[in-house]
Amino acid sequence: MKNLSLLVLSYALFAVQGIAAPGDGNSRSQLSLNGEWHFVMDQYDASRGLARGDRPWGKNDRDEYSIDDAPTLHVPGDWNHQREDLKFYEGTIWYGRHFDLKPEGDRRYIIRFGGVSYLANVYVNGKEAVSHEGSFTQFQADITDLVKEGDNYIAVRVNNRREKDRIPAMLFDWFNYGGITRDVTLITLPSRYIKDWFIQLDKHRSDLIHASAVLSDPVAGETIRIDIPELKKTLTLTTDEAGKVQADIPVKRLTRWCPANPKLYSVEISTAADKVVDEIGFRNIEVRGTQVLLNGEPVFLKGISIHEEIAAELRRACTRQDAEMLLNEAQALGVNMIRLAHYQQSEYMVRGAERRGIMIWQEIPVWQAIDFANPQTQEKAIRMLQETITRDKNRCADCFWGIANETRNTPERNRFLARLLQVGKDLDTTRLFVAAFDLAYFDRKEDKFVMHDDFYQNLDLVGINKYMGWYEGWPKAPKDIQWDVCPDKPLLISEFGGEAKYGIRGQEDVAGSWSEDFQARLYRMNLEMFANIRNLVGISPWILYDFRSPTRLHQSLQNGFNRKGLVGDKGDRKQAWYIIHDWYETR
Ligand code: GCU
């Protein structure tokens, strides 16, 4: 029954979105539309005519909607760091560019955006191709019927204004970058192509792979081949009336992916007209009691939280090089897990972590005060989770799907998260579902940390954000503090730490010193306390780098930066970096 449930579940994945990510392993022909795009600031959000990019075609045509003579913004990249007059801009910007095409009769053309912050309306030759809400998940559209021979024009209206019913909403502790912040790609495909696939080890077994794939059209009787050459596995399958195939692949001597050996297998999915190659790692991630098991063995999660930002350049991280820099610093710290806070991050981060053997907690930005009572907001969160899972379903590094951060224990929130969790579990049973809570507190009567929450029992693993020594004083010596928080669940300290400005030294016992020494001592004391937590399965200090946040206003100490980083915004490691590094070495 389990196998059937997983295979049925994998079908649900295909319903959500088009073809799988181009990523590294694909063999599709892809035209990058990265580069310089003209732009205009549409402050009153009033100029729908810009969708057409009209240029005067005849003597009677007004020339009011072409922006070919406007300045340019680089794509991918947020607009805020590219121009002084956009540094704090929140609103609508129109992007536009031309591209040449020589359409071939039986080809299909898919435009794919890795991420646009926050709302995007995409027009090709004046007609709307797709709209999308959410800064951090990819989307695409089949524009075959909109393109033409020769010159084509694509316009994108981008709006990053904060709104109460958006996700995240009005207030959040990171910078609200706007723009086309990830790659834009035009993918050319045969008229009937391989739309998606999901190939993963059974959740509980090391000798059985579940494979499923689907064509772009619901046709029966077509042949799809699945090859895993290194395992000497070749399957020739026939599609059902939905254009789908599925199979169970018994395997022997499979090398399972893990931090010590991040083994990836080349997997080829092909038809007579199409072929894709993906690099897939096979592993089991599950919970037993209060332990997390990777490939059947208990694993302690030596984590770090990371925002998708290059702080030194005041910008969103958006390239492979950016991801490599962030991952190299995390790897140097000695991690085996990263919490990609607080939103789905680029494929470069995910595939880079996969190659390094680093597990990932990936989440959607349901951050604190979300409009939980709003049905539209619920649908947005559901779609963001579906898109997050759909893009990364074949990425073995993704082990944890996070559905919320620091939300309040209210009936609206619990209904919202229960529905969200059900959608997630219907899509994917191969991973663990988690959320981060800031509701644990020290109960003086009971003389221990406790947490009262009506939702956490539904999760596989519970994250606790707790800033002892920073937002809260120590009730007693750390070594004497007992925890009785979610005692029947694996517990990850998903955030802890305190602020320090790189270069300030001394006064280790003075919170107002903002010294590295104070932060280092705070880390030592927290690590001492964590030793008492019986169901502790890992920690993820907040955070790798100082990061930008408009809520951090102290002029000399913060100046728009949250300084909880183990590394300063200019890349300098603080004392606390070495505390964590040395502690991870002992684990
Ligand atoms: C919260 C929140 C983070 C925030 C951190 C802080 O736990 O999850 O996004 O940056 O606290 O206050 O520094």
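Note that ligands are numbered from 1 as they come in the structure, with each ligand's atoms numbered from 1 the same way.
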task = Show your working on side chain to side chain contact (heavy atoms under 4.5 Å, CB included) between Q345 and I360 and close with a plain yes or no.
result = CA-CA 10 Å; Q345 299 193 10; I360 298 175; over 6 Å; no
How far is [atom] from its nearest protein heavy atom, and which residue and atom name does that atom have?
atom                    : value
atom 2 (C) of ligand 1  : E495 OE1, 3.4 Å
atom 13 (O) of ligand 1 : K564 NZ, 2.6 Å
atom 7 (O) of ligand 1  : E406 OE2, 2.3 Å
atom 10 (O) of ligand 1 : D173 OD2, 2.6 Å

What part of [X] sits under 4.0 Å from ligand 1 if we count only heavy atoms: the side chain, the backbone, both or neither?
X    : value
W174 : neither
I543 : neither
Y471 : side chain
F496 : neither
D438 : neither
K466 : neither

query = Within 45° of the six-membered ring axis of Y177 and under 6.0 Å from that ring's centre, is NZ or CZ of R316 located there?
reply = no
Classify the ring geometry between [X] and [Y] as parallel (under 30°), tilted (30 to 60°) or perpendicular (over 60°).
X    : Y    : result
W367 : W174 : perpendicular
W79  : Y89  : tilted
Y523 : F496 : tilted

ask   = Is there any N or O on N405 that sits under 3.5 Å from an N or O of ligand 1?
value =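 Right, the criterion is met.
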ask   = Quick one: NZ on K489 to OH on Y456, what's the gap to the nearest 0.5 Å?
value = 8.0 Å
At less than 4.0 angstrom from any non-hydrogen atom of [X], what atoms of ligand 1 do you find?
X    : result
F547 : 10 (O)
R552 : 6 (C), 12 (O), 13 (O)
N465 : 7 (O), 8 (O)
H342 : 3 (C), 8 (O), 9 (O)

request  = Mark the output for F172 as yes if a heavy-atom distance to ligand 1 is under 4.0 Å, and as no if none is.
outcome  = no
request  = Scan D569, D78, D322 and name whichever one has a salt bridge (charged side-chain N to carboxylate O under 4.0 Å, His left out) with R315.
outcome  = D322
message = For D371, is there an ion pair with K380 - N to carboxylate O distance below 4.0 angstrom?
response =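 Answer for the salt bridge query: no.
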Lys/Arg-Asp/Glu bridge criterion (N-O < 4.0 Å) met for E495, R339 =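 Result for this pair is yes, salt bridge flagged.
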query = Considering residues at least two apart in sequence or located in another chain, which fulfil the ring-ring contact (aromatic ring centres under 6.0 Å, His included) criterion with W542?
reply =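 In terms of ring-ring contact (aromatic ring centres under 6.0 Å, His included), with neighbours along the sequence ignored, W542 is linked to H307, H342, F547.
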